Novice: 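Pasting a structure below so you can have a look.
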Amino acid sequence: QVQLVESGGGLVQAGGPLRLSCAASGSIFSINVMGWYRQAPGKQRESVAIVTSGGDTNYADSVKGRFTISRDNAKNTVSLQMNSLKPEDTAVYYCYALMFAQGMGRLYPYWGQGTQVTVSS
């Protein structure tokens, strides 16, 4: 019923930019938080950046100053502009939304299927 669809992943050279986008669709009542997580092989999934419906943001220390998260509440979309990419940024990036779906009485997390970002040296 509720889906998160990511786009924009790919292969880039170190130092280059890449922009990820995510669109939420379905029976959505309200979205409190949207953001991006990532997971490299053999590593734990970690938070990259989040943004609330009010526009407050939070970034991982490893990406602060290089990545920028933005959202469009009216369209239920979130984007991640990644600049000055490093090989250690290589991971599967997952879109995340904490929301009230229509007919549900509490917040529930939703995840996208993930998109691969590979940064070459």
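Model, not experiment: these values are computed from the prediction.
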Novice: With a 6.0 Å cut-off (strictly less than), is the heavy-atom count around CD of Q13, excluding the residue itself, greater than 12?
Specialist: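 Count not over threshold, so no.
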Novice: Quick check for you: to the nearest 0.5 Å, what is the distance between S25 atom OG and K75 atom NZ?
Specialist: 14.5 Å
Novice: Side chains of V117 and D89: closer than 4.5 Å at any heavy-atom pair?
Specialist: no
Novice: Grab the two heavy atoms, one from P17 and one from V12, that are nearest each other, plus how far apart they are.
Specialist: O-CG1, 3.9 Å
Novice: Is the closest side-chain heavy-atom distance between R38 and E46 below 4.5 Å?
Specialist: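 Contact flag for R38/E46 side chains = yes.
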Novice: Please give me the minimum heavy-atom distance between M34 and A24, naming the atom from each residue.
Specialist: CE-CB, 4.4 Å
Novice: Starting from V5, can I reach L98 by hopping between I/L/V/M/F/W/Y residues whose side chains sit under 4.5 Å apart?
Specialist: no
Novice: Can you get from Y94 to V63 by hopping between Ile, Leu, Val, Met, Phe, Trp and Tyr side chains that sit under 4.5 Å apart?
Specialist: no
Novice: What distance separates L80 CG from I50 CD1, expressed to the nearest 0.5 Å?
Specialist: 12.5 Å
Novice: Just by distance, no angles: are the side chains of S79 and Q81 close enough, under 3.5 Å, to form a donor-acceptor pair?
Specialist: no
Novice: Could you tell me the separation between the OG atom of S62 and the NZ atom of K86, rounded to the nearest 0.5 Å?
Specialist: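 Output value for this atom pair is 8.0 Å.
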Novice: Using a 4.5 Å cut-off on heavy atoms from C-beta on, say whether the side chain of Y108 contacts that of V2.
Specialist: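 Counting from C-beta outward, V2 and Y108 never come under 4.5 Å.
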Novice: Please report the interatomic distance CZ(F67) to CE(M82), rounded to the nearest 0.5 Å.
Specialist: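 If we round to the nearest 0.5 Å, F67:CZ and M82:CE are 5.5 Å apart.
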Novice: Of all heavy-atom pairs between I28 and M99, which one has the smallest distance, and what is that distance?
Specialist: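 Looks like CG1-SD, 3.9 Å.
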Novice: Could you report the tightest heavy-atom contact between L4 and C22, atom names first, then the distance?
Specialist: CB-SG, 4.0 Å
Novice: Can you tell me if E6 uses its side chain to pair, donor with acceptor, with the backbone of G114 under 3.5 Å?
Specialist: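 Indeed, once roles are kept as given, a pair shorter than 3.5 Å links the two residues.
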Novice: Test your reading of the model: is there a side-chain donor-acceptor pair from Y37 to the backbone of W111, 3.5 Å cut-off?
Specialist: no
Novice: Return the CZ to OG distance between R66 and S84, rounded to the nearest 0.5 Å.
Specialist: 7.0 Å
Novice: Could you tell me which non-hydrogen atom of A49 sits nearest to which non-hydrogen atom of Y59, and how far apart they are?
Specialist: CB-CD2, 3.6 Å
Novice: If you look at every heavy atom in T90 and A40, which pair is closest and at what distance?
Specialist: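 What the structure gives for the nearest pair is O-CB, 3.7 Å.
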Novice: Compare all side-chain heavy atoms of L107 with those of F100 and state whether any distance is below 4.5 angstrom.
Specialist: yes
Novice: Under 4.5 Å between side-chain heavy atoms, hopping through other hydrophobics if needed: is there a path connecting V48 to V33?
Specialist: no
Novice: For Y96 and V78, what are the C-alpha separation, side-chain angles and deciding distance, and is it a side-chain contact (heavy atoms from CB on, under 4.5 Å)?
Specialist: CA-CA 9 Å; Y96 167 84; V78 64; over 6 Å; no
